[in-house]
Amino acid sequence: MNIKKNLYWFLKFLSERNQRAHYTKHYKYEIEHYNGYKDKKPAGQMKKEMKILKKYWGCYPFQYIRYGMYKKSCPFTIEQMKDYVPNYFAYYLFFPKIFKDYGIVSEDKEITYRMLDSYSIHQPVLLLQYKNGVLYNKDKTIIDAVEANKIIQNSYAEKLFLKPTTGLGGRGIIVFNKKDSFKNKAGDELSADFIKKTLGNDCDYLLQEGLRQHDALNSIYPNAVNTFRIMTHTVKGETRIMFAMLRMGQGGNQLDNASQKGLVCKIDPESGAFNHTGHTGLGKTMDQHPDSQFVFKGFVFPYWKEVREFIMDASLKFETIPYIGWDVAFTTDGPAIIELNAGAGLEYLQDSHGGVRKAYGIENPKKYWYNDRFVVKDL
């Protein structure tokens, strides 16, 4: 094995060890649940299974805890456990190698917006950008506070979303609802002055209009724009939908992100039929929405054909990114892209669909720990 491959392995080995603290914090509630769970497998069996998974994937098997493999009631064989992809492997080894330099298209929401806009793909209206203390209009022309306030006041949207251009899981988003003016949950009025005072001069945020959700989804949960998370795979001019699910808000939350106390339900990619249960993490399932009592089983989204055609067309336009997780709203004007994710969240995907290793064509995890194209750039 050449020096580059060995160096790549060594740096990733160190990275994985360093990231264990991050994942210990990330899985805080899952670990607490594990520690307090009474009906676990024998300690020796758990230790053996975790050792097998660590050797197979090359990283600490947090997935063993995340997906409840320690429970006596867990029906998985060790081979089925191997199908559950651990986060470290996915986000630090697999997806970076697959996406190469194109991941930035999804990581930076401004770039995402510009790309979607260039293809005239329906998405939320951009009003402003605030970057490093400077206000810009949607065309990236510098504007003053007076012009920014005028743009805000002239919006006819019911909600506005102030969101960081980078970040995951809905973190950092501030929602403003229209009354006599746009105000957040704390009662602060949206203005150029509020943006500058709240965000400071070292940040990058977009201000976008909320979408008007179609009644077909309002009937499930009306307080958030519930989005379809649709995973596509595009190669050599052909695209397919790998997985689909609906992400829903609950409990009055205005965001649908699973990490923001959301709820997901698996959808058949061909028919648009909902699965009979929804998932909220920690192995919790429910057969109806807790707020609206909407029953999942038997529901087929009536506009699924339109959603499928929309996302298949968009996927072909972004074919340089082979795997994309699309967040798709269905509005009174049809489907719209909220954002796209190169390497979208695996946790709720695997909660609702089971392990996805085979779907992503991962036959030998060990080969991803080495890279002969690795280059150490000059400092």
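Everything numeric here is computed off the predicted structure, so don't read it as measured data.
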Student: Quiz question: by atom type and distance under 3.5 Å, do the side chains of N18 and S15 form a donor-acceptor pair?
Tutor: no

Student: Could you check whether H279 and Y348 have their ring centres less than 6.0 Å apart?
Tutor: no

Student: Using the side-chain hydrogen bond (donor to acceptor under 3.5 Å, both in side chains) definition, which of the options H33, E32, E347, H22 pairs with Y27?
Tutor: E347

Student: Short question: side chain of S155, backbone of I152 - any donor-acceptor pair under 3.5 Å?
Tutor: no

Student: For H276 and D287, what are the C-alpha separation, side-chain angles and deciding distance, and is it a side-chain contact (heavy atoms from CB on, under 4.5 Å)?
Tutor: CA-CA 6 Å; H276 62 283; D287 58 10; 5.9 Å; no

Student: Does any donor atom in the side chain of Q250 or D291 lie under 3.5 Å from an acceptor atom in the other side chain?
Tutor: no

Student: Could K12 and Y92 be counted as a cation-pi pair, given that NZ or CZ must be under 6.0 Å from the ring centre and within 45° of the axis?
Tutor: no

Student: Just checking, is any N or O donor in the side chain of Q123 or Y113 under 3.5 Å from an acceptor N or O on the other one?
Tutor: no

Student: Using the ring of Y205 (Phe, Tyr or Trp, six-membered ring only), decide whether K163 places NZ or CZ under 6.0 Å from its centre and within 45 degrees of its axis.
Tutor: no

Student: More than 12 foreign heavy atoms under 6.0 Å from CG of D202: is that the case here?
Tutor: no

Student: Does K178, at its NZ atom, have more than 12 non-hydrogen atoms belonging to other residues, nucleotides or ligands within less than 6.0 Å?
Tutor: yes

Student: Aromatic ring centroids of Y130 and Y136 under 6.0 Å?
Tutor: no

Student: Is it true that the side chains of W326 and T227 contain a donor and an acceptor less than 3.5 Å apart?
Tutor: no

Student: Any chance the side chains of D204 and Q129 put a donor and an acceptor closer than 3.5 Å?
Tutor: yes

Student: Does the distance from a Lys or Arg side-chain N to an Asp or Glu carboxylate O, for K236 and E319, drop under 4.0 Å?
Tutor: no

Student: Could you check whether F228 and F301 have their ring centres less than 6.0 Å apart?
Tutor: yes

Student: Salt bridge between R66 and D351, side-chain N to carboxylate O under 4.0 Å?
Tutor: yes

Student: Salt bridge check, R357 against E363: does any charged N sit closer than 4.0 Å to a carboxylate O?
Tutor: no

Student: Can you check whether F95 and Y360 have ring centres sitting under 6.0 Å from each other?
Tutor: yes

Student: Is the NZ or CZ atom of K5 both under 6.0 Å from the centre of the six-membered ring of Y370 and within 45° of that ring's axis?
Tutor: no

